[in-house]
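Below: one structure, written as structure tokens.
Here the structure is a predicted model, which means the values were calculated and not measured.
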Amino acid sequence: MSQNTFLRKAAFSVRTCRPGSQAWSQVVIRNYLGEAGEGSKSLSAKEETLLKIAKPKAEEIFQKHIELPGVDIETRRKRLVYRSKQRGWLEVDLLLGTWASDHVSKLNEDELDQYEDFVNMETIDIYNVITLRLDVPESMKRDGNGVVERIQEWARSSPLGKADPEKYREVKTDKNLI
């Protein structure tokens, strides 16, 4: 969990130490509230200062993480196929990894850019877009012929969308997803 997330999910409480203890004063203690969303969502002045320092650094690290180095197109394709197969969710690994194995080698430079933008999304969002629970993001729409629209069309017609366990096993074996 990031510090920013922790700070948003923390509540403040004031506790007083017992008389006779060395520290007889009020102490501010953070209590983690999980997903309850209760408590104060404001940050102290010190936390605001730290956040202003940390946010640009975190954004810089994130940008370095998602950018692929300037390498030849074949290496880029291989990396995108690998990232498609290793999302961490079986469903997305199967759908996106299978599509990538079959189609990434045929994509041109612009289509690779579209696909990379799609792969950079959160896994849950990718799953929801592929399974038509969410519409294709406006920035990725290409009049029905963009990479993401083609992935959706493929998923609709793919045997993987029919939940056949034997087909899953066969595809995972054929595409080296095991």
Side-chain angles (χ1 to χ4, degrees), residues 1-9 34-35 37 41 51-52 54-178:
M1 175 184 340
S2 71
Q3 182 172 350
N4 193 19
T5 303
F6 177 76
L7 292 176
R8 281 188 267 125
K9 293 180 180 177
E35 299 297 322
K41 297 211 181 226
L51 190 59
K52 285 179 185 176
K55 250 185 173 175
K57 289 180 181 179
E59 184 60 32
E60 180 184 335
I61 291 168
F62 177 74
Q63 289 303 319
K64 285 181 182 176
H65 175 72
I66 64 171
E67 289 176 6
L68 291 174
V71 294
D72 66 291
I73 197 161
E74 275 310 306
T75 303
R76 185 176 180 201
R77 285 182 174 134
K78 288 177 184 177
R79 286 182 178 170
L80 287 170
V81 169
Y82 177 81
R83 289 178 64 199
S84 301
K85 291 179 178 182
Q86 302 296 325
R87 299 299 303 189
W89 279 22
L90 175 63
E91 295 85 352
V92 178
D93 292 349
L94 284 171
L95 290 169
L96 197 59
T98 303
W99 187 89
S101 294
D102 293 343
H103 297 91
V104 166
S105 62
K106 302 169 195 158
L107 298 179
N108 63 35
E109 195 79 29
D110 179 52
E111 292 170 330
L112 283 174
D113 290 340
Q114 291 177 46
Y115 186 67
E116 185 174 348
D117 289 342
F118 185 60
V119 171
N120 284 339
M121 291 173 56
E122 293 291 330
T123 303
I124 183 68
D125 295 331
I126 291 173
Y127 177 75
N128 286 332
V129 168
I130 290 175
T131 59
L132 306 174
R133 290 185 172 101
L134 289 178
D135 196 19
V136 177
E138 288 298 320
S139 62
M140 294 183 184
K141 286 187 178 179
R142 302 287 193 276
D143 297 327
N145 195 27
V147 172
V148 180
E149 288 106 338
R150 286 187 272 168
I151 293 171
Q152 282 184 326
E153 182 59 37
W154 174 85
R156 267 187 241 127
S157 63
S158 171
L160 291 175
K162 309 221 181 341
D164 179 8
E166 292 304 316
K167 185 62 180 175
Y168 280 146
R169 191 174 297 112
E170 177 185 325
V171 169
K172 283 185 73 165
T173 303
D174 290 348
K175 303 296 180 186
N176 278 340
L177 292 171
I178 294 180

Check your understanding: Above 12 or not: heavy atoms from other molecules or residues under 6.0 Å from CD of Gln63?
Key -> yes
Output the distance between atom [atom1] ([X]) and atom [atom2] ([Y]), rounded to the nearest 0.5 Å.
X      : Y      : atom1 : atom2 : answer
Arg76  : Leu107 : CZ    : CG    : 9.5 Å
Asp113 : Asn108 : CG    : CG    : 9.0 Å
Thr131 : Ile126 : OG1   : CD1   : 11.5 Å
Asp125 : Asn120 : CG    : CG    : 12.5 Å
Leu94  : Ser84  : CG    : OG    : 12.5 Å
Arg77  : Lys106 : CZ    : NZ    : 11.0 Å

Which atom of [X] lies closest to which atom of [Y], heavy atoms considered:
X      : Y      : result
Leu134 : Gln152 : O-NE2, 3.8 Å
Pro56  : Leu51  : CD-O, 4.4 Å
Met140 : Val148 : SD-CG2, 3.8 Å
Gln86  : Asp93  : C-OD1, 3.7 Å
Gly97  : Lys85  : CA-CG, 3.8 Å

Study note, to complete from the structure: Residue set satisfying side-chain contact (heavy atoms from CB on, under 4.5 Å) with Asp143, at least two apart, ordered chain then number -> none
Any carboxylate oxygen within less than 4.0 angstrom of a Lys/Arg side-chain nitrogen, looking at [X] and [Y]?
X      : Y      : result
Glu60  : Lys64  : yes
Arg79  : Glu116 : no
Glu153 : Arg150 : no

**Study point:** Counterpart residues, side chain to side chain donor-acceptor pair (under 3.5 Å), relative to Lys78 (two or more places apart)
**Key:** none
Review point. Can Asp110 and Gln114 be said to form a side-chain hydrogen bond (donor to acceptor under 3.5 Å, both in side chains), step by step?
Key: CA-CA 6 Å; Asp110 179 52; Gln114 291 177 46; 3.2 Å; yes
Practice item. Evaluate the ring planes of Tyr115 and Phe118, with Trp represented by its six-membered ring, and classify them as parallel (under 30°), tilted (30 to 60°) or perpendicular (over 60°). Key: tilted
Practice item. Begin with the C-alpha distance, continue with both residues' side-chain angles, and end with the deciding distance and a verdict on salt bridge (charged side-chain N to carboxylate O under 4.0 Å, His left out) for Arg142 and Glu111. Key: CA-CA 11 Å; Arg142 302 287 193 276; Glu111 292 170 330; over 6 Å; no
Practice item. Please assess Tyr127 against Arg87 for the test side chain to side chain contact (heavy atoms under 4.5 Å, CB included), listing each intermediate value before the final yes or no. Key: CA-CA 10 Å; Tyr127 177 75; Arg87 299 299 303 189; over 6 Å; no
Exercise for review: Side-chain contact test, heavy atoms from C-beta onward, threshold under 4.5 Å: evaluate it for Val129 versus Pro137 and give yes or no.
Suggested key: yes
**Study point:** 4.5 Å side-chain heavy-atom contact, Arg156 and Leu132
**Key:** yes
Point to revise | Under 3.5 Å donor-acceptor, Ser157 side chain and Trp154 backbone | key: yes
Point to revise | Full working for side chain to side chain contact (heavy atoms under 4.5 Å, CB included) between Ile124 and Val92 | key: CA-CA 9 Å; Ile124 183 68; Val92 178; over 6 Å; no
**Study point:** Residue pair Asp135, Lys141: steps toward the side chain to side chain contact (heavy atoms under 4.5 Å, CB included) verdict
**Key:** CA-CA 9 Å; Asp135 196 19; Lys141 286 187 178 179; 2.7 Å; yes
Check your understanding: Can Trp89 and Leu96 be said to form a side chain to side chain contact (heavy atoms under 4.5 Å, CB included), step by step?
Key -> CA-CA 10 Å; Trp89 279 22; Leu96 197 59; over 6 Å; no
